[in-house]
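Below is one structure, written out as structure tokens, with a few remarks after it.
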Amino acid sequence: IDLKQVNISLGQTDLLVDVDLRLKTGVHYAVVGRNGEGKSTLLKAIAEKIIPGIPENLRILLIDQVTENQSLLLRGEEGVQSTELSVVQAVVRSNKQRERLLRDRATLLEALETPWQNGQNAVAIAITRIQLAKSKETLDLANKTAAKRSGARGIQARKDLKQAEKEYQESLATLESASHEAEKPETLEKANSMLMEVQDALEANYITTLPGSTVVVISHDRDFLDAITEELIVLRNKTLTYFDGNPSQHARFSLNQRKWLTRMKESQDKKQEAMEKTIADAIKLGKKTGDEGKLRMAKSRQKKLDERWGMEVSAKGTRFKLNRDLMGYHATSRGSIEVEELDKPIKLDFPDPEPLRFPGALISATSLSYRYNPKSPYIIENISITIHPGSRIAFVGRNGQGKSTLVKLLVGTLPSTKVERHPRLKIGYYDQHSVEELSRDSVRDKSVIAYFMEAAQEKYQMTPDEGTARAVVGTFGLGHRALNTIQSLSGGQKVRLALSLIAYSTPNLLVLDEVSTHLDLDTIQALVRALRAYSGAILLVSHDRYLVRCLVEGAPLVPRDDVGDDDEGDDGEEESGNDEEGKVGSVYIVSKRFRVLEVTETGALSGRDQDPARTSIPLRDHILHFQSCITAIERCRQPVVAAVHGAAIGLGVDILCACDVRFASENASFSIKEVDVGMAADIGTLSRFPKIVGNQSAVRELAFTGRIFNANEAKEIGFVSKVVDGGMEEVLAAALHVARMISTKSPIAILGSKHLLNHARDNSVGNSLEYTATWNSLMLQSNDTIDAFAAFKSKEPPVFKPIPSSKL
């Protein structure tokens, strides 16, 4: 698809204005933008081919976000079936072309099996019905095209519409007469021919073409998009911009680009101010003294300011060239420096709850088990958990493991005698189906304000007036949509409406079940900031790894590695103290296999096996096995040469410590990062790093702080032996050069040297000398010593036999 000047409007609201829509074959795209910008509407317009210019033979499969229509589909197609469809069935049935072919095949087979039914020609009726359905599709398509086109193309579209209406009416008339049509051989032949065409289309192996298909994804899970995206489509301010990379790369590029342009603009503003002063002084002096040279100089500089002032370099960083970087007609010979305006920051507000009159846990559950009927297996079994005021708790795990069931038991939606709640506890519960509830026919036509006031009375027995309701929804970014119908809201805006209602009730405990499903990336960050400032307790159920990390694990909103230099500001972006590390809570893995809660942060287990001695034994075995994997590098017969470029963090340092020789590029960095995740480095760094470096003060500082140190500092303390100018290719070439030098030496001598060096590191000098004597008493009898002396004398390179490989 490559279309120019595409416009999409929804009612009186323009979503896209004069944009270029470009989708290349086989590329995986991600569409990002704030809620309400029109991302889902754009995909629906493409899938339904409403946009003029999309080829009619292009097969498009749309898997829509869960809406009311989607919910009906999951309960059975068009309400006919009562059984729920599986995920695979829902995806397959989204292929309208395949579903139509299946219906046509079933209709033809039934008619051919019984050609005459109740005195009517079933074959003729089946053929006519299929033709009528095709005529109806053609008519609908012609209606869409005629409604969108104007001018000469519009005249042709209206002619096509009239022709389609005529063919549809003829098909209706044919259907009325088909039931009385006599049996003819050509009718049976036509039916069999149609059946073969349908069968061939169904048997086409279209699944094998999927890897070469274009994929367009709308998602707000940053980790997921980073893994699948090849090219990014950013929908912002009614325009589409394209970026070759994933969202995280785009965020880093945009930030660096903004800093670069800001610095360039500030520098040019200073130069312009100085030049204008010089021009004014030159004109004044020239007129006073009659110096024509001064006046010509002032005129020349003024011309430069008027015509050749702006971008000094191209977007690629090369010298600016007019015929390459600013083609076409322009008023000046330079592109102006335009620093893109930032989006207005999103602010959400959760008022702090009133303090409880007497202390105690908010929710306490002991030995909690549940199953839906006596014959079914337990969904959850023997779980104990306590939620205190101000706690931050997250439930994570696969679908179907019982997360939502456990939440419903804790909040009281499902009854249980094993759960105790504080007498004055107020719970704000965001259910994962809240968006679907706001899409029901009974509420979709209500205004945002009307629904808020009715729901506050129904759910919380609170009676806000219209001004209060407008103020509350306004704090969640819905002030301009307060009088709009709920049907007009996007999925993310419906989430905000549900959250505003919960925030108005000022609960002591916020329970958020998949709250980020429809929220855009900016709103998720705003939600984390608001929840960090909230003093009440939070129970989060989510598959969004970014949300769990920032809200419960205390990770910063923007990783430090992604924001560039520490001394640079955000150049206009509003900063918040909540963007740094937050309060650390507990992350529970709800596992159906063990039917217990495993706390990943505190290290404690809540369930049937609570004996620390027994739970520590398998954990110790696991750590020892992991250590042995790293030690295998050290025990390798041949020396291991490491070429480091980029970042080596945590496990990367463990591996490097086990290597024999370490080279680093000038952009390499290192960090003993384990201390930042609440643990000591247990795989080898704390055992090997002090003996490599030898400076205990430096070792302890790096291990205690977890800070990043660069290649030059690593060379100063002795962790790497050489810093190579350049990047990956240069450091790899240097490492290979040393490896080739080592490969010319005797394998017996190299093996012995490595073995004796490792032994000397772990033993005293006396023991090492004695061990070396024992070792060489055998190894000096090797033929390699004689061969080496002979080669040295003849000045020819020696040739050594390889050491036989071992199966151990």
Side-chain angles (χ1 to χ4, degrees), residues 222-223 226 248-249 251-252 255-256 545-546 548-550 553-568 579-582 584 587 600-601 603 623 626-627 629-631 633-634 640-728 730-732 735:
R222 186 186 292 268
D223 291 352
D226 286 347
S248 292
Q249 293 170 342
R252 288 192 289 269
L255 181 60
N256 293 332
R545 290 158 286 184
Y546 174 79
V548 174
R549 284 199 305 268
C550 294
E553 297 180 4
L557 265 66
V558 180
R560 294 189 182 89
D561 294 343
D562 292 351
V563 299
D565 299 334
D566 293 338
D567 59 344
E568 298 292 344
D579 288 359
E580 299 302 322
E581 289 86 352
V584 178
V587 180
T600 61
E601 288 295 324
I623 295 173
F626 204 171
Q627 289 175 347
C629 295
I630 305 301
T631 303
I633 300 173
E634 188 179 85
V640 179
V641 182
V644 187
H645 55 90
I649 297 175
L651 181 60
V653 178
D654 291 320
I655 295 173
L656 291 174
C657 287
C659 296
D660 298 285
V661 181
R662 290 168 291 276
F663 289 171
S665 64
E666 58 186 359
N667 67 342
S669 60
F670 310 82
S671 175
I672 306 174
K673 204 69 174 176
E674 286 83 349
V675 69
D676 286 340
V677 294
M679 62 178 291
D682 58 351
I683 311 301
T685 294
L686 297 185
S687 302
R688 296 186 177 95
F689 192 77
K691 297 185 178 182
I692 296 172
V693 172
N695 185 336
Q696 281 290 325
S697 177
V699 169
R700 292 171 185 266
E701 182 228 334
L702 294 172
F704 294 162
T705 62
R707 71 172 177 86
I708 297 174
F709 56 102
N710 59 28
N712 291 326
E713 185 177 355
K715 185 176 185 299
E716 289 177 4
I717 63 177
F719 185 57
V720 299
S721 56
K722 185 177 182 180
V723 177
V724 180
D725 294 335
M728 181 185 70
E730 289 76 9
V731 71
L732 187 58

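What you see is a predicted model, and the numbers here were worked out from it, not measured in a lab. Residue numbers count from 1 along this sequence.
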Between H645 and E730, is any pair of side-chain heavy atoms under 4.5 Å apart? no

Assess whether side chain to side chain donor-acceptor pair (under 3.5 Å) is satisfied between N667 and S665, documenting all intermediate values. CA-CA 5 Å; N667 67 342; S665 64; 2.4 Å; yes

Work out which heavy atom in V644 is nearest to a heavy atom in A648; give both atom names and the distance. CG1-CB, 4.3 Å

Starting at CD of E674, measure out to CG of L651 and round the result to the nearest 0.5 Å. 8.0 Å

Indicate whether any N or O donor in one side chain lies under 3.5 Å from an N or O acceptor in the other, for N710 and S669. no

Does the side chain of S721 reach to within under 4.5 Å of the side chain of V661, using non-hydrogen atoms? yes

Would you name the heavy atoms of I672 and A681 that are closest together and state the gap between them? CG2-CB, 4.3 Å

Tell me, yes or no, whether the heavy-atom count around K722 atom NZ, taken from other residues, nucleotides or ligands under 6.0 Å, exceeds 12. no

With distance as the sole test, does E666 use its side chain to make a donor-acceptor pair with the main-chain N or O of D725 at under 3.5 Å? no

Could you state the interatomic distance from CG (D654) to OG1 (T685), rounded to the nearest 0.5 Å? 3.0 Å

Reported SG-to-CD1 distance for the pair C657 and I633, which is rounded to 0.5 angstrom: 10.5 Å

Apply the test side chain to side chain contact (heavy atoms under 4.5 Å, CB included) to residues F719 and V653: give CA-CA distance (whole Å), side-chain angles for both, the deciding distance (0.1 Å), then the verdict. CA-CA 10 Å; F719 185 57; V653 178; 4.2 Å; yes

Non-hydrogen side-chain atoms of T631 and R688 separated by less than 4.5 Å: yes

Between CE on residue M679 and NZ on residue K673, distance to nearest 0.5 Å: 14.0 Å

For the CZ atom of R700 and the CG atom of L686, what is their distance to the nearest 0.5 Å? 10.0 Å

Check whether any side-chain N or O of E553 sits under 3.5 Å from a backbone N or O of C550 as a donor-acceptor pair, and report yes or no. no

Heavy-atom donor-acceptor pair, R662 side chain to L656 backbone, under 3.5 Å: yes

Side-chain contact test, heavy atoms from C-beta onward, threshold under 4.5 Å: evaluate it for P690 versus Q696 and give yes or no. yes

Distance in Å, C659 SG paired with I692 CD1, rounded so as to fall on 0.5 Å steps: 9.0 Å

Relative to each other, are the rings of F709 and F670 parallel, tilted or perpendicular (30° and 60° limits)? parallel

Are the side chains of V675 and T705 in contact, using a 4.5 Å heavy-atom criterion? no

Any heavy-atom pair between the side chains of F689 and I717 that's under 4.5 Å? yes

So, the side chain of S671 versus the backbone of I649: is there a donor-acceptor pair under 3.5 Å, distance only? no

Would you say D660's side chain and V640's backbone share a donor-acceptor pair under 3.5 angstrom? yes

Quick one, V731 and V723 - any side-chain contact, counting heavy atoms below 4.5 Å? no

